[in-house]
Amino acid sequence: MDFLEFDSFTPHDTNVSLPQPQPALSIPIATNLESFSKKFSNFSLSRNLSSFSQQTTTNNESGIENSGNGDKDFKDMKVQESKVFEKYVKQSLLFLEKDDKSTLERLDILVNRQDHFESLGPRLARVLNDSMSESMMKEMFSDIENKKTALANSGSNSKLYEENQVKNLVEPGFVGAMTRKKLRSQVEFSLTKTQTKMLKEYQPILRHLKVIESRLKKLNDLNDEINTRLNKTANGSTQFTEKVGLMSSERTAVEIKQGLLTAFKSQFTLNEYEEFILASGDLNHDFFEALAKAEQIVERCSILLSEDNPQLGLKIMSKMNNVINKAIDRIVTYCNKTLDNTYSLSSKARLQTLHECFKFLKNKLNFLSSIVDKFSASRSKAVLEEFYKQTQASQEGMGIGVGVGAGVNSGVGSNAGELVRPLSSRRRSSAKSAASITGSETVRPVYMSAHDPIRYVGDFLAYVHSLAVNESETIKNIFTMGDDNDREFDNIIYQIRNKVLQSLARPIKSRIEQLIFSETKLSIIFQIFNLVELYSVMFAKQLHDSEDLVETMLVLVKSCQDKIFSTISGKLASIRASNQAKLELNSDLQPPEWIIDFYSEILYVIDQVTTKTVLNLPPEENERFLKLIVNEPISIFKDHVQHSQLLLHDKRDTLIIQFNFLDLVQSKIMPISILSDKVLEINDMNLELTKQLTELELTQILKGSQLYDYYNIINMICPFTDDFFEVSIYEPIIENKLYNLEQLHKADSALQEFLPNAMIEIQQSLLKLNSPVTVSDVIDNAFIEFIKFYQKLNTINKEYLQYSFTWSTYDIATLLGIEESRYQDQEQN
């Protein structure tokens with residue numbers, strides 16, 4: 001282990017049992033030689049000799065210490081050690097004798113090499129020239145002598161030479177010195193031979209190391225060359241790096257400028273295609289995208305205007321505004337041309353482009369308003385031309401009539417199918433209407449008789465309704481493309497429709513009002529009212545956003561109502577002022593003929609009413625109308641009766657003729673449910689007249705029986721009532737001069753003469769009363785009142801004069817034909 005470095009082992013190699021490291025030999029051989037020289041680690045002559053000497057000394061000492069006990073054991077040990085020493089010496093000599101010449105030649109070659117010799121010499125000197133003292137040396141050789149003696153004692157003659165050599169080694173003289181030198185030379189030679197043999201094993205490795213050395217040298221040369229070049233390159237790369245950094249900065253600045261210019265160009269300029277399409281290209285999706293981009297550029301120019309120098313922003317804005325204005329002019333022109341030519345709207349692509357124009361102009365109200373106004377004016381003019389063409393064509397014929405085709409045969413029913421046609425059919429009708437407006441189709445009017453105003457109004461309103469609906473749907477289809485859910489242009493549709501249909505309002509109003517005001521028959525006016533009201537509802541439902549047209553229809557409805565009011569009022573006014581109507585009051589006491597004629601016309605109209613009020617009037621107007629047709633004729637009749645000289649002398653005839661008149665009116669209006677309140681009102685009037693007739697007949701009975709004065713006296717004291725009657729109340733009657741027995745006897749006689757014929761006389765006086773029920777009620781009520789008075793007067797007579805009439809109350813009731821049950825309760829009282 002002489003050639004092993006101590007640092008070659010790590011602390012974790014604890015399981016390896018190694019000897020202590022020896023100092024390294026100072027042989028300047030390459031590093032690889034030290035690795036294989038470690039194989040001689042167990043070979044150390046000085047160490048072996050030292051260990052042998054120490055063992056001998058130890059044995060001697062132990063032998064001296066134990067000499068008294070066992071000399072024999074000590075001798076045995078000495079013999080054993082001599083044998084071991086002799087074994088090693090023999091092996092060394094045999095090793096030297098077996099060495100051949102080739103080994104010596106190789107050794108000479110190795111020794112002749114200056115580098116190996118120089119490295120091997122010091123190492124051998126260090127091994128052989130061990131620092132041992134002379135005494136130790138002497139002791140060692142003494143041991144050898146002892147071994148020699150041991151060998152001699154063994155009796156071996158073959159080893160005499162070795163014994164002499166050993167003996168010479170310990171000689172102190174010249175021979176001993178020479179022998180020792182010779183032994184030393186032999187040992188050196190043996191050691192050199194051994195290590196040469198060891199080095200021979202490393203010769204291939206050495207050759208490889210030489211090759212590696214040459215290669216490493218080349219690598220070192222290349223490394224030096226590369227380092228030289230790198231140094232030269234490093235000096236040039238510094239300038240190159242600086243130049244590259246400068247150019248990179250310039251490139252970055254250029255890229256930033258390029259990005260800014262690109263962004264500026266994309267944000268503030270239009271490309272050639274966009275400028276071309278805005279200037280002269282088709283109006284398509286690309287056109288509107290380019291126009292939107294131009295508007296965005298104008299908006300972004302506000303950023304440029306905020307700079308210190310706003311000239312660039314002003315120039316860009318001015319240029320973009322010119323481009324936008326030209327594009328908008330193109331859009332306006334396109335819209336006007338398209339809307340003027342309705343045939344072009346059959347193309348879906350053109351209609352879509354028109355919608356794109358409308359969507360763009362939606363925020364440009366001034367341009368959109370100009371388009372809407374122009375389109376509305378053109379459509380209004382076309383509709384009016386069509387309308388006047390129809391009306392003039394109809395007036396050129398035998399009568400006044402208008403229509404929409406040969407299929408129109410009657411007023412409302414003639415166009416009933418128009419309201420329920422499907423949308424596609426109505427659109428075709430709208431297209432036909434548009435075609436007729438442009439003059440491409442000749443409209444064939446339907447001529448009707450001028451003596452049939454109802455039919456004329458029906459067909460006229462049907463034509464107007466068809467024209468208005470077709471026009472409305474045409475406008476709607478233009479702005480919605482047939483999509484009912486599209487509400488984007490509802491406001492524009494409303495404006496155009498209102499303006500177009502507004503042009504029809506005035507001529508419609510003038511035509512219908514002219515016909516209404518010229519008509520005098522109430523039934524015709526009422527049928528015209530029904531037509532106008534029907535179409536008013538239809539216009540309000542289908543054309544609710546056309547306020548003027550709907551308002552015109554409501555005005556026409558109001559005109560019909562006013563005309564009916566004025567017609568009825570005029571008739572009643574003429575009746576009031578008519579002498580003929582006054583002369584109709586004659587002695588037969590029958591209602592005048594004018595009331596029959598009046599109700600025969602007015603009730604036919606009212607009987608057709610299906611609404612809650614007459615003519616669908618408001619409650620106040622309805623009440624006024626009912627008073628006009630019920631209360632006003634009654635008032636006129638009463639006025640005529642009051643100024644009639646024929647009826648002034650007889651109150652009974654006045655009441656009878658009034659009752660007959662009211663009874664006639666009541667019978668006329670009773671079947672009409674809407675006049676039920678007026679029926680009750682007239683019934684109250686009749687009851688009042690019946691009461692007056694009853695009082696008049698009662699007075700006639702009292703006068704005929706000469707009891708009228710007593711009736712007045714008793715009523716002066718306290719009028720009779722059915723609820724309460726007390727005789728004591730009438731005690732003041734005895735103070736009256738007429739109340740005596742003589743006058744009562746006269747009255748009793750007159751009563752007996754008058755009552756048998758009283759029923760016949762009263763019935764004859766009421767023969768002109770048209771209601772038999774009323775006649776019976778008047779007679780019965782008069783008789784009952786007379787019987788009640790007769791009974792109470794007879795009771796008073798019995799109380800204060802102890803006098804009673806000849807006939808009892810039962811006799812009077814039997815004579816007058818009154819049932820006992822109708823007065824018996826009063827008699828019991």
Side-chain angles (χ1 to χ4, degrees), residues 649-656 690-722 724-769 775-820 822-827 829:
H649 65 281
D650 193 348
K651 185 178 181 181
R652 179 184 288 108
D653 291 343
T654 302
L655 295 175
I656 289 174
T690 302
K691 184 178 179 181
Q692 293 179 11
L693 285 174
T694 301
E695 291 178 355
L696 186 61
E697 295 302 327
L698 177 59
T699 301
Q700 183 180 357
I701 295 171
L702 291 173
K703 289 180 177 180
S705 60
Q706 298 183 0
L707 297 177
Y708 185 70
D709 294 335
Y710 297 104
Y711 182 79
N712 291 332
I713 293 171
I714 291 174
N715 283 329
M716 289 175 61
I717 297 172
C718 182
F720 287 136
T721 60
D722 296 336
F724 177 76
F725 175 73
E726 180 63 36
V727 179
S728 60
I729 297 176
Y730 301 96
E731 185 178 358
I733 196 173
I734 61 177
E735 297 178 358
N736 195 294
K737 295 179 180 182
L738 295 177
Y739 188 73
N740 51 45
L741 293 177
E742 183 179 358
Q743 295 296 331
L744 292 174
H745 281 297
K746 292 180 180 181
D748 187 23
S749 300
L751 180 63
Q752 292 177 8
E753 293 177 1
F754 174 75
L755 285 181
N757 299 321
M759 181 177 291
I760 297 174
E761 293 178 359
I762 292 174
Q763 288 177 349
Q764 289 178 353
S765 64
L766 297 176
L767 286 177
K768 296 181 180 180
L769 192 62
V775 172
S776 177
D777 291 341
V778 168
I779 294 174
D780 290 345
N781 291 334
F783 285 163
I784 290 172
E785 291 296 327
F786 177 77
I787 292 171
K788 290 180 179 180
F789 171 74
Y790 180 82
Q791 188 267 337
K792 293 177 181 178
L793 179 60
N794 200 18
T795 303
I796 293 172
N797 292 335
K798 290 179 181 179
E799 179 67 24
Y800 297 107
L801 297 178
Q802 290 78 37
Y803 175 79
S804 177
F805 289 112
T806 303
W807 289 342
S808 63
T809 303
Y810 179 78
D811 296 334
I812 296 297
T814 302
L815 186 62
L816 296 177
I818 302 301
E819 295 179 0
E820 185 178 3
R822 303 184 63 180
Y823 68 88
Q824 62 182 355
D825 295 336
Q826 182 64 33
E827 187 177 8
N829 294 332

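Nothing fancy with the numbering, it's 1 onward along the sequence.
Taking the side chain to side chain contact (heavy atoms under 4.5 Å, CB included) definition, one finds that Q752 meets it with D748, T806, W807, sequence neighbours left out.
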Checking side-chain contact (heavy atoms from CB on, under 4.5 Å) for the pair E761/F754: CA distance, chi angles, key distance, verdict? CA-CA 10 Å; E761 293 178 359; F754 174 75; 3.5 Å; yes

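Within the model, atoms CD1 of I714 and CD1 of I733 stand 4.5 Å from one another, a figure rounded to the nearest 0.5 Å. Note that the CG atom of L693 and the CG atom of N781 stand 11.0 Å from one another [nearest 0.5 Å]. Within the model, atoms NZ of K788 and CG of L698 stand 11.0 Å from one another, a figure rounded to the nearest 0.5 Å. Interatomic distance, CG of L755 versus CD1 of I812, reported as 4.5 Å (0.5 Å rounding). Between I779 atom CD1 and M759 atom CE the span is 7.0 Å, to the nearest 0.5 Å. Here the CZ atom belonging to R652 is positioned 11.0 Å from the CG atom belonging to L769, to the nearest 0.5 angstrom.
More than 12 heavy atoms of other shown residues, nucleotides or ligands fall within 6.0 angstrom of atom OH in Y739.
Taking all atoms of both residues into account, the shortest heavy-atom contact from A747 to L707 is CB-CD2, 3.7 Å. For the residue pair S728 and E726, the shortest heavy atom distance occurs at OG-CG, 3.1 Å. The minimum heavy-atom distance linking L738 with Q743 is given by the pair O-CB, 3.3 Å. Nearest heavy atom pair, residue I729 against residue C718, reads CG2-CB, 4.0 Å.
Within the 4.5 Å cutoff, side-chain heavy atoms of I762 are placed close to those of F783. Residues F786 and S705 have side chains in contact (heavy-atom distance under 4.5 Å, counting atoms from C-beta outward). Looking at V778 and L696, their side chains never come closer than 4.5 Å, going by heavy atoms from C-beta outward. The shortest distance between side-chain heavy atoms of Y730 and I713 does not fall below 4.5 Å. Contact annotation: the side chain of S765 approaches that of E697 to within less than 4.5 Å [non-hydrogen atoms, C-beta and beyond]. Residues I796 and Y710 are not in side-chain contact: their nearest non-hydrogen atoms beyond the backbone lie 4.5 Å or more apart. The side-chain heavy atoms of T699 and Y711, taken from C-beta on, include no pair separated by under 4.5 Å.
Side-chain atoms of N740 come within 3.5 Å of backbone N or O of K737 as a donor-acceptor pair. Between the side chain of N797 and the backbone N or O of L793 there is at least one donor-acceptor pair closer than 3.5 Å.
Aromatic ring pairs are classed by plane angle as parallel below 30°, tilted from 30° to 60° and perpendicular above 60°; the pair Y803 and F805 is perpendicular.
Side-chain contact, D811 with S808: a donor N or O sits under 3.5 Å from an acceptor N or O.
Under the side-chain contact (heavy atoms from CB on, under 4.5 Å) rule, F789 has a single partner from L702, N715, I784, which is L702.
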